[in-house]
Structure formats: C-alpha cells, structure tokens
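To start, the structure itself, in structure tokens.
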Number of protein chains: 2
Amino acid sequence: MIGITYQILARPPIRMTRQPTLQQLRYFVALADTGHFRKAAERMEVTQPSLSQQIGNLETCLQQHLVERGRRVVLTPAGREVLRRARSIIAETEAMVAACHRAEAGISGTVRLGVSPTLGPYFMPRLVRRLREHFPDLRLVIREAPPRALIGELLEGMHDVTLTQTPVPTTDAVVTQLFREPLFAVMAHDHPLGGGGPIEIAALAGQDVLTLGPDYALHAQIAELCARAGARLRQDYEGTSLDALRQMAAMRMGMTILPALYVASEVDSPDADVAVRPFRGGRLTRMVGMVWRRSAGRSTGFERFAEIARDVARTDHRGLLQVIG
Amino acid sequence: MIGITYQILARPPIRMTRQPTLQQLRYFVALADTGHFRKAAERMEVTQPSLSQQIGNLETCLQQHLVERGRRVVLTPAGREVLRRARSIIAETEAMVAACHRAEAGISGTVRLGVSPTLGPYFMPRLVRRLREHFPDLRLVIREAPPRALIGELLEGMHDVTLTQTPVPTTDAVVTQLFREPLFAVMAHDHPLGGGGPIEIAALAGQDVLTLGPDYALHAQIAELCARAGARLRQDYEGTSLDALRQMAAMRMGMTILPALYVASEVDSPDADVAVRPFRGGRLTRMVGMVWRRSAGRSTGFERFAEIARDVARTDHRGLLQVIG
DNA sequence: GAATCTGATAGGTAATTCCTATCATGATTG
DNA sequence: CAATCATGATAGGAATTACCTATCAGATTC
C-alpha cells in the first residue's frame, strides 16, 4: 500500500525519510543541560510546547526514546549517546560558522597560491611573512609551476591565485599588475660584453643568448628581443632554471638575461661567477602581477593580497622594483 | 535603525542569526562532488533552483562565497574548508541515526545496570555473556550498591535498570520478578545445628544469627525470621559482605543465612570451612527481580533483559533457582 | 543564428516551525 | 480534601522556510 502511494506521488525516498535537524539537536542538548523542558525552552528562547514538539520529532526520527518524562527528566541510555554526538555535531558546526565569520576580507580556509619559479624563491618569503601579519588565521599552500602551466592550472581550479609575469594568454582571469622588474644582462667575466656600465640593447647584436624554455613568459620576451637586436637565441641549449642559465653563462656558452630579484638574491656579490650589467635606462623589464579567475568575483580578498604584495615590493625591494598602482 | 526594529519586535538575537542547516550542507557536498548544480540537484532529488537557492542561503549565512560560478564550478578556499567540516558533520549525524535505527528492542547507547553485591558476582557473568549475544552493540556499565542505596540511585537516574532482591520500597519503579532464590543455613562444622539434612525454621530458636546491615533487603528478612523463630539476631556484629558472614560463622560467632547462588559459587565444596543446610521444603527464599523507573515506559527493552535473565536462571542455574514467569 | 546548457531570480505552493490556548497529570499548599 | 501550581503534551492556526514551476541572462555548441 505504501509502496503504491510512492509510485503515484513519484516522491523520492530521500524525502520520505525524516532527518534530524540541528535545531532539534540544540533543543535536546538544552534539555539535557537543564533537566527541565520549561527551562530548556527559556534558554533556547522558544516556548515550551515548541521545544517539546521538536524533541518529540527528534525521537520519532531516531526511533528511540531519548528522555524519560516522569517526576524528573532523565536521559535514557540512547539519549545519553545521542547527547554525546549532538554536542560534537553542534560544536563542529559552530566552529565552522565562527571560522567563516572570523575571516578577514573574504580570506578563509587554505589559499592555494601558484607562483612562477623565476619569482617565488626571491619574493615569496617576505610576502608570506607580511600576509601572515595581516591574516593571522591564513593558511597558504604555495606551488611553483612554469607560467604557461600555471595559468592553465589556475583556470582548472588548481590554484586560487597566482603570482607570475604578465601578460597572461587568457581573458578568463583578472590581472592585477604589481611592479615592473628590471632584467639584467649576465655573462662570463671574460665575455666581450663583460664589464663596464649599463649596456645598450643594440650591443647584443651577434651574441649567443641563452634563456628558459617556451613554458616561461621570459622565453618569448627574450626571443623577441633577440630578433629585434640581431642576437642569436641558442636553440640547442635551454635553461631549466635561472641558476642553470647563470651557470651556462659562466661556462661561456653564451650570455643570458636574468630578472633583478634573482640577481639581487643570487648573483650580487664581489665573487660572483658572472658579470652583471643593467640595461641603460632600465629599458628592459618584465611586468609581474597577481592573477586570479574572473569567476572568483570581487569579494575574494585577492585585491587585498595584491596591495600587500605591492607594499612588500615598495619597502623591501626599494630601488629595485618599480611598483605599479 | 535596525537596533530600534529589534527593540520593537522584541525578537531574541538567537533567532535573528541564521544558522546553517544540515540539508544545506548535504546540498553543498553534493555540489562539490559533482562540480555541477544540475547534477547535484539530481543527486539530491530536488530541482536545480532549490539547490541553488539553498547553497546561496548557506553562503549568506556563513558570509562567505563557497563556490565560484563561472564556466566551471570551483570551490573557493573557504568552500574547501566548509566542505571538510560539512563532511564530518554529516558523517557523524548519519552515524548517530544509524546507531539509533540499528538498536534492537530499544536498547541503544550505554546501559547502566545497578546490581546488589549479594547477587552480582554470582549471576552477572553469565547474564552479561547472554546479553552480549542478543545485543552485539550493547554497552553496559555495571555498578554494585546495597539495595537500599541502589533503588534510591535508580530513582535519581544514576542507573537505568537494577537487579536486586525484591520487594523494593517504592511505587515509582516497575518490578519484574525473575526467580526465587533459596536461602541456606550456614554454620561452623561443630555448631549444634551443623550437619544433617534439611533444617526446620523452628530449629533456629535460641541461636545467634549473623546477617548483613540494614542497607540490605536480607537484613529485614532475616530479622523478621529471627523474631518469628525465637533466634537472636546479633546486633554487635554485622557482616559487610556474604564472605564476611561466612567467615564469622566459621569462627563460631553464630550461624548465618546465605543465598543459594553464593553458596553454589563459594561454599559448595567438600573442604568448605562451614556446614551448609537447606531449609526443609525450600521454605526460606528471597525473591530476585529486575527494577526500572516507571517513567522509563514500555519501550525500553528492559523486559527483554528480564526474559534473558530468566533464561539464564533456567538453563545455567537449573535446580537451584525457581524461575517466575 | 538557433538550439541547448547552466545557474539565478521570481512567484507561488507545500511543508515545517513556532505560538497561543488548552488539557491531563502530579505535586504542593492551606 | 479542595484549591492552586507546576509540568509536559496536544490541537489549531500563524509565520517562516523549503521546494516547485516558469522564466531570464549568459555561455556554448552545431
């Protein structure tokens, strides 16, 4: 008979099975704590019949008596077990709500930050420290990937936000520019262009130039520069990292072009194994920005992240990076 | 303005703060698992607008975006954190419901069984084993207390059910008789009444009789017997346990009267330190029953417990106990 | 460009929660 | 012992929430 009714109504079984509600659990905990229906109702700020009814509904749903209703209210064994679980469920729910409400500027949970390896090691340590100051509850997972992969992964949802060289080849992302980072010519000490002051782009003519693979934004930029300056971009050798490029230059395999943050961090010392020359007037730079999915919307808090990153660039890398905005 | 509205409506703050519901959490988990609103709605057997609205309500309540709605559905960092907690909350809720539904004959949670020390050690081991066979999920806490305290504690809610000598001095409890347990006369081997077959109650006349203190039902019973038979109930010495009584009898401080289960367990051997004589025709017995609060109602499962206890008495103590019912 | 897919919004129905009023029972007071 | 109070349940109805149907707006596919 009931089976037939179901067929007629086409009502799904999931809806036929009553489930306990969090409110019912809260009412039950209040009753257990006060040992008294009226007092529990007062505590929960509803009337006694409402509370009584909801606790009755809970008992019906669980198919167990939870309470003995005599001269005193006493929990049954089942009631005591349900009380234990109810407390745990309510506590976790409240912790979840509190964590969400506590979140500052929409930052909550674990943020996954993707970063280019040409940038991450030289910029992130200070940025992480600063972010931690601003968002004490922030949890951050940082993953490195070459920019071409990085943007794809961002769009796939693998990262929440990325720090990388711009422009990026998509319109599905919001790009917020942070700063302009100068690039430096780097070569062996005894290279024809080694030594001296700022170098002109035109001086690259006829030189062998090493750079990273095409997965990096730097690759296209340097390839375009070589074409423009009449230099030879070595196709037979590609660096897999900035360190590799520097070592190849030191071994006289050609000259290379490296970002300022890397140079400042890894090369700028009197006993460096390569010579470093800035381009005249800072003519050669790369743009660095923060990128997140357009669908993330306006309340993500990532704009706040970008502000903080600019601040780091401004104060910790003063005179090296040209902050934008 | 809003503060004033609140004052006018006299609505309690607890009601002004929206709380997440378990259904919303279930919808959100389905969305996270399917990555797709329509598919999640199908899975939950509601329409897409319903699911969409409830997830929106959850986001409003938590004051966080949980989902990016773009060309694909991607969880935000906050969303991933809420997902983790939601899974835990739902799992615990389902475990709670399942435990309640799985319960056999209303037995669920941890049952607290109070037992008289004159009974427990000699009857409970077999009863517990049998109960465990019938209720595999049963959790049992067994506590001993003298019967006078035991019944008070039962009424206070400290025990859920008790096993004790009856009658009990209250009408607030349901008493289910289990069996009649014979009592035996016990004395030193060289006591004037030592040796021989069954003893008449009248033979106690003039004898010193030892028994337990007034917290035990046995006390009143033996006191009444002594008055009736013209025996002297020793007031200067009281046993604190059945073992103590037996030892005092062995030391010729008087005779005593002990229950059959104890005798069968602790005395019934050829080299016992006391003589044991049954009363003629089994005339002297005590009644043992199971007792629970009247307010526990009819669906407690304790009647089932009583049946099992009778079964234990019938099969494991055959010829010793006279089962009732 | 039309058709289809996807998620949001609006209006209305159905279901649930809560309130008020009352009932039934037991305990307490005078 | 009658009157009163306290306690939890039940009934009817109002208020609120959950859900459905219809539609909109934007994106994607053919």
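We use all heavy atoms of the structure for the numbers below, so side chains are in, but hydrogens, waters and symmetry mates are not. Order of the sequence lines fixes the chain letters, A, B, ..., with proteins taken first and strands second; residue numbering starts at 1 for each chain.
Within a 6.0 Å radius of NE2 in B:His219, other residues, nucleotides and ligands contribute more than 12 heavy atoms.
As a whole-Å value, the separation of A:Met44 CE from C:dC19 P is 12 Å. As a whole-Å value, the separation of B:Arg18 CZ from D:dA15 P is 18 Å. At whole-Å resolution of the value, CZ in B:Phe37 and P in C:dT9 are 11 Å apart. As a whole-Å value, the separation of A:Gln19 CD from C:dA15 P is 18 Å. The CZ atom of B:Arg294 sits 11 Å away from the P atom of C:dG26 (whole-angstrom rounding). The distance from atom CZ of B:Arg38 to atom P of C:dT6 is 5 Å, rounded to the nearest whole Å. Rounded to whole angstrom, the span from the CD atom of B:Gln48 across to the P atom of D:dC24 amounts to 16 Å. Rounded to whole Å, atom P of C:dC5 lies 12 Å from atom CD of B:Glu42.
Taking 4.0 Å as the cut-off between side-chain N and carboxylate O, A:Asp33 and A:Arg87 count as a salt-bridged pair. Using a 4.0 Å cut-off between a side-chain N of Lys or Arg and a carboxylate O of Asp or Glu, B:Arg310 and B:Glu307 do not qualify as a salt bridge.
Counted by atom type alone, B:Arg38 and B:Gln48 present zero donor-acceptor pairs between their side chains at under 3.5 Å. Checked by atom type, the side-chain pair B:Ser88/A:Glu92 shows a donor-acceptor distance below 3.5 Å.
In this model, the phosphate group of C:dC5 is not approached by any side-chain N or O of B:His36 to a distance below 4.0 Å at OP1 or OP2. At C:dC18, one or more side-chain N or O atoms of A:Gln23 fall inside 4.0 Å of OP1 or OP2 (strictly under the cut-off).
Less than 4.0 Å separates DNA chain D from at least one heavy atom of each of the following residues of residues 67-75 of chain A: A:Arg69, A:Val73. Near DNA chain C, meaning a heavy atom under 4.0 Å from it, residues 50-63 of chain B has B:Ser52 in order of number.
Here A:Phe28 pairs with nothing under the ring pair (Phe, Tyr, Trp, His ring centres under 6.0 Å) rule; sequence neighbours left out. The side chain to side chain donor-acceptor pair (under 3.5 Å) test applied to B:Gln54 returns B:Gln24, not counting sequence neighbours.
With C:dA21, C:dT9, C:dT17 as the choices, the nucleotide that has an atom nearest any side-chain atom of B:Pro49 turns out to be C:dT9.
Residues A:Phe305 and A:Phe135 place their aromatic rings such that the two centres sit under 6.0 Å apart.
For the pairing with A:Val291, the side-chain contact (heavy atoms from CB on, under 4.5 Å) check across A:Val174, A:Thr162, A:Val161 returns one residue only, A:Thr162. A:Val82 pairs in a side-chain contact (heavy atoms from CB on, under 4.5 Å) with only one of the listed residues (A:Leu62, A:Thr76, A:Ile89), which is A:Leu62. Checking each of A:Val67, A:Leu66, A:Leu75 against A:Leu83 for a side-chain contact (heavy atoms from CB on, under 4.5 Å) leaves exactly one that passes, namely A:Leu75.
Taking a pair as Watson-Crick or G-U wobble with both distances under 3.5 Å, the runs of three or more consecutive pairs in DNA chain C are C:1-30 with D:1-30.
Annotation: side-chain hydrogen bond (donor to acceptor under 3.5 Å, both in side chains) contacts involving residues 143-153 of chain B, sequence neighbours excluded, comprise B:Glu153-B:His159.
When each of A:Thr21 and B:Asp172 is assigned the nucleotide of DNA chain C with its nearest heavy atom, A:Thr21 is the one assigned upstream, toward the 5' end.
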